[in-house]
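The basis for the numbers below is simple: all heavy atoms, side chains too, and nothing from hydrogens, waters or symmetry mates. Letters A, B, ... are given to chains in the order of the sequence lines, protein chains preceding strands, and every chain is numbered from 1.
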There are 2 protein chains.
Amino acid sequence: MDAITIKDIARALNLSTSTVSRALRDSYEINPETKRLVVEYAERFNYRPNPIALSLKENRSRVIGVVVPQIANNYFSQAINGIDAIAYSRGYQVIIFQSHESYERELLTVQQAVARKVDGLLISLSGGTSDVSHLRDLQERKLPIVLFDRVSKELDSFCVTADNFTGAFAATEHLIQSGRRRIAHLAIPSYISITQERLAGYRAALEKYGVPYDENLIRYSEFSQNDVEPVVNDLLNQSPDAFFAAGDRLALGCLATLKKRGIAIPETVSLIGFTNTPVADLLAPPMSTVEQPALDIGQVAAEQLINLIEGKQKLTQPGMIRMPTRMIVRESSQPVGVSKPV
Amino acid sequence: MDAITIKDIARALNLSTSTVSRALRDSYEINPETKRLVVEYAERFNYRPNPIALSLKENRSRVIGVVVPQIANNYFSQAINGIDAIAYSRGYQVIIFQSHESYERELLTVQQAVARKVDGLLISLSGGTSDVSHLRDLQERKLPIVLFDRVSKELDSFCVTADNFTGAFAATEHLIQSGRRRIAHLAIPSYISITQERLAGYRAALEKYGVPYDENLIRYSEFSQNDVEPVVNDLLNQSPDAFFAAGDRLALGCLATLKKRGIAIPETVSLIGFTNTPVADLLAPPMSTVEQPALDIGQVAAEQLINLIEGKQKLTQPGMIRMPTRMIVRESSQPVGVSKPV
DNA sequence: TTGTAAGCGTTATCAT
DNA sequence: ATGATAACGCTTACAA
């Protein structure tokens, strides 16, 4: 724990700390010889500037705070991966906070981040968050904030999300074109931005093809996997011929329930999940997927934030970036589970 | 960004900073009235001590560093979840670093963590790490370190892992008892601790039941999903009647390959994955699972580390905690994909 | 070209 | 009971 400091170098070389600092910081007024000496010594003893001292001095930390509802979630961990990649390449470190889908936790967690003097905040709103005044306050105090995935129109900030409308439209259109008419729509709680957009895409596609919109085919489910099953069972009473599950865990929960009930996909119903689980590949062919570009969203959001932090973009001008989604069709006519001998 | 400081309070109340500090820290020699005043003011203006200043002063950060091979990995994100829960409940924050399965990155990343003055380090070794002297150095400098999951016997430290031997033994035993004799064993690179233990469990079970050990049935695969398929195909040439995939992504890759080849599970072969993907539930019944208690491992490791940090446990005494695994049998006689109408 | 000193926010030591 | 001062590691006017 006895890391070497500028002071140590100064003492050893009989210089002042300021000279050492200058030598290391590549400053102008410095004797090349002195500089050589210092740099050499620093290297030899593996000197690393103390980031904490720097933070205190410069009132910034080169840390960006990331607040997500859950870390242990495929979508968010991939997004974090993207954030991390960009952040590190631009010299920032990342501290991750979880809101556990709770507004109170989000509040607390954001405070902690601010206390830690993060240079900026990357947030995907918790499921319980409808009021964003805590974030607005921070923005007014000039803290750069970028929202991703779960964004809010209530806040004038940069937002990066998947193109939910188009993705949902494409999914619904595909289902309609393959002959389905009673398409159940399974969504997470309704006040969340992405829910609205996906539902809008769904409705728009129905409208385009003159398929009637039936409210009974729309259901909302909480976040836990267990909550999905009863909702799906309930939907099944509406004799749907397809499911569009507008979320990762919803899609998996739906799939599991259908399997459990012995309902063949795609024979009996068709299923498209708006999802990010790479494991979805395993489920081929039952479930087609509208892929959420989690990694890209993380990367773009991090880029935006760092530009904001470094003043390469003005804080005041909000903007919305929608990352394209990709639809992967995995509906083969081949029944599931057909086996041939080795 | 204009957070209130002790200085501000002092100025406003016409006190010295030291008095304010004392009032807030509940120190002894302090006029109750003064204290009341200070505390009130602090609360009113929502004073929060600057953790960075504290870190600089106390040469510790109340931050623990976590180094994992990949964040976007079900196992590790769950483990991080466990770590996070314990850490926050004990007043620590968590900074996450990725080694990307590379020794060099691990080295670098650990240095960064140390520079950030983390109070302790929780590490799951990268796949590329065989030499652990960088960690030994840190230990000698009295930095508390706890290894989890991917541990090394080369380092005298606390280790927390799944009970890999017993888990692998149980899996293999189950396969043998259900009549399988040529059990392919699919593992991640061989110099990793968990690989060795799982292989040992496998061999022990074979021995117990007098099933011959055939080297041709053992294969190692790299980490990426794509690497798995050729290895599985290769194994299939050895006419196995079962697969034991000793890892999360291996199990999924194996499953995907078998599906692709149209090989029925469990009719043609049997499959047990040593895994953590909750989605495995979806794949029922084809794959039975030996569940790795990722969350528990994270929690226990974090607890150990914090005890170490806070001196509740001496640094010198290494120890090994093995968290029990749980086997979930999902081999029904019902063929996969059989469907009945709604 | 180099050194001195102040300051970032906090606490501990030593006065008063 | 309270205040002044130094110190944590670093940078940056300002002096020399």
Side-chain angles (χ1 to χ4, degrees), chain A residues 1-39 41-42 45-63 91 111-112 114-119 141, chain B residues 1-39 41-42 45-63 91 111-112 114-119 141:
Chain A
M1 312 281 262
D2 36 357
I4 184 176
T5 75
I6 271 195
K7 228 182 203 166
D8 299 325
I9 304 185
R11 203 176 310 123
L13 265 46
N14 238 308
L15 290 168
S16 76
T17 56
S18 35
T19 305
V20 175
S21 171
R22 275 188 287 253
L24 292 169
R25 303 222 70 225
D26 240 355
S27 187
Y28 34 115
E29 306 156 324
I30 187 83
N31 185 320
E33 177 59 11
T34 312
K35 179 170 173 174
R36 200 186 52 73
L37 237 57
V38 170
V39 170
Y41 190 94
F45 289 91
N46 198 27
Y47 167 77
R48 295 273 170 270
N50 180 334
I52 294 180
L54 282 174
S55 289
L56 187 58
K57 180 117 234 316
E58 301 176 358
N59 203 35
R60 52 113 122 202
S61 56
R62 288 207 154 266
V63 166
Q111 281 194 330
Q112 285 192 320
V114 171
R116 280 263 167 219
K117 295 274 180 298
V118 295
D119 293 346
R141 292 203 247 148
Chain B
M1 312 281 263
D2 36 357
I4 185 175
T5 75
I6 271 193
K7 230 180 201 165
D8 299 324
I9 305 185
R11 202 175 312 122
L13 266 46
N14 238 308
L15 289 170
S16 76
T17 56
S18 28
T19 306
V20 175
S21 171
R22 272 189 289 252
L24 293 169
R25 303 221 70 223
D26 240 356
S27 188
Y28 35 115
E29 304 156 327
I30 187 82
N31 185 320
E33 176 59 10
T34 312
K35 181 171 170 171
R36 199 185 52 73
L37 237 56
V38 171
V39 170
Y41 189 95
F45 289 91
N46 197 28
Y47 166 78
R48 294 272 170 270
N50 181 334
I52 295 179
L54 283 175
S55 289
L56 186 59
K57 182 123 235 313
E58 300 175 1
N59 202 37
R60 52 112 122 199
S61 55
R62 288 208 153 266
V63 166
Q111 282 193 332
Q112 285 192 318
V114 171
R116 281 262 167 220
K117 294 275 179 297
V118 295
D119 292 346
R141 293 202 245 148

Notebook entry, point to check: OP1, OP2 of dT11(C) versus side-chain N and O of Ser18(B): anything below 4.0 Å?
Noted result: no
Notebook entry, point to check: Are any of the side-chain heavy atoms of Val38(A) and Leu24(A) separated by less than 4.5 Å?
Noted result: yes
Note to self: Heavy atoms only, 4.0 Å cut-off, all strands: where does Asp8(A) land among base, sugar-phosphate and nothing?
What the structure shows: nothing
Note to self: Go through it in stages, so that I can follow the logic: the residues are Leu56(B) and Asn50(A), the test is side-chain contact (heavy atoms from CB on, under 4.5 Å), and I'd like the CA-CA distance, side-chain angles, deciding distance and then a yes or no.
What the structure shows: CA-CA 9 Å; Leu56(B) 186 59; Asn50(A) 180 334; 4.3 Å; yes
Notebook entry, point to check: Roughly how many Å is it from CZ in Arg22(B) to P in dC14(C), rounded to a whole number?
Noted result: 13 Å
Margin query: In whole Å, I'd like the distance from the CG atom of Leu15(B) to the C1' atom of dT10(C).
Written below: 16 Å
Checklist line | Where chain A begins and ends its contact with DNA chain D, read 5' to 3' at 4.0 Å from heavy atoms | finding: dC8(D) to dA13(D)
Check: Quick one: does Tyr41(B)'s side chain get under 4.5 Å of Ile4(B)'s, heavy atoms only?
Finding: yes
Checklist line | Terminal helix-axis angle for the helix from dT1(C)-dA16(D) to dT16(C)-dA1(D), with five pairs defining each axis and rounding to 10 degrees | finding: 60°
Note to self: Expressed as a whole number of angstroms, how long is the span from Arg116(A):CZ to dC8(C):C1'?
What the structure shows: 17 Å
Note to self: Nearest 0.5 angstrom please: Ser61(A) OG to Leu54(A) CG, how far?
What the structure shows: 11.0 Å
Checklist line | Contact check, side chains of Lys7(A) and Arg11(A), non-hydrogen atoms, under 4.5 Å | finding: yes
Check: How many angstroms lie between CZ in Arg48(B) and CD in Gln111(A), if you round to the nearest 0.5 Å?
Finding: 5.0 Å
Note to self: Using whole Å, what does the distance between atom P of nucleotide dG9(C) and atom CG of Leu56(B) come to?
What the structure shows: 12 Å
Checklist line | Length of the line joining Asn59(A):CG and dT10(C):P, which is rounded to integer Å | finding: 11 Å
Checklist line | Beyond-backbone contact of Leu13(A) with Val20(A), side-chain heavy atoms, under 4.5 angstrom | finding: no
Next item on the list: Return no unless some side-chain N or O of Thr34(A) is found under 4.0 Å from OP1 or OP2 of dT2(C).
Entry: yes
Checklist line | Euclidean distance, atom CG of residue Asn14(A) to atom C1' of dT2(C) [Å, nearest integer] | finding: 13 Å
Notebook entry, point to check: Of Asn31(A) and Thr17(A), whose closest DNA chain C nucleotide lies nearer the 5' terminus?
Noted result: Asn31(A)
Margin query: In this structure, how many angstroms lie between the C1' atom of dG7(C) and the CG atom of Asn50(B), rounded?
Written below: 14 Å
Notebook entry, point to check: Is Lys57(B) touching bases, backbone alone, or none of the nucleic acid, heavy atoms closer than 4.0 Å?
Noted result: base
Next item on the list: Find the distance Ile6(A):CD1 to dG3(C):P and express it as a whole number of Å.
Entry: 13 Å
Note to self: On DNA chain C, compare the nucleotides closest to Val20(A) and Glu58(A); which residue's is nearer the 5' end?
What the structure shows: Val20(A)
Item checked: Closest contact, heavy atoms only, Tyr47(A) versus Ile6(A) -> OH-CG1, 3.4 Å
Check: To the nearest 0.5 Å, what is the distance between CD1 (Ile52(A)) and CG (Asn59(B))?
Finding: 7.5 Å
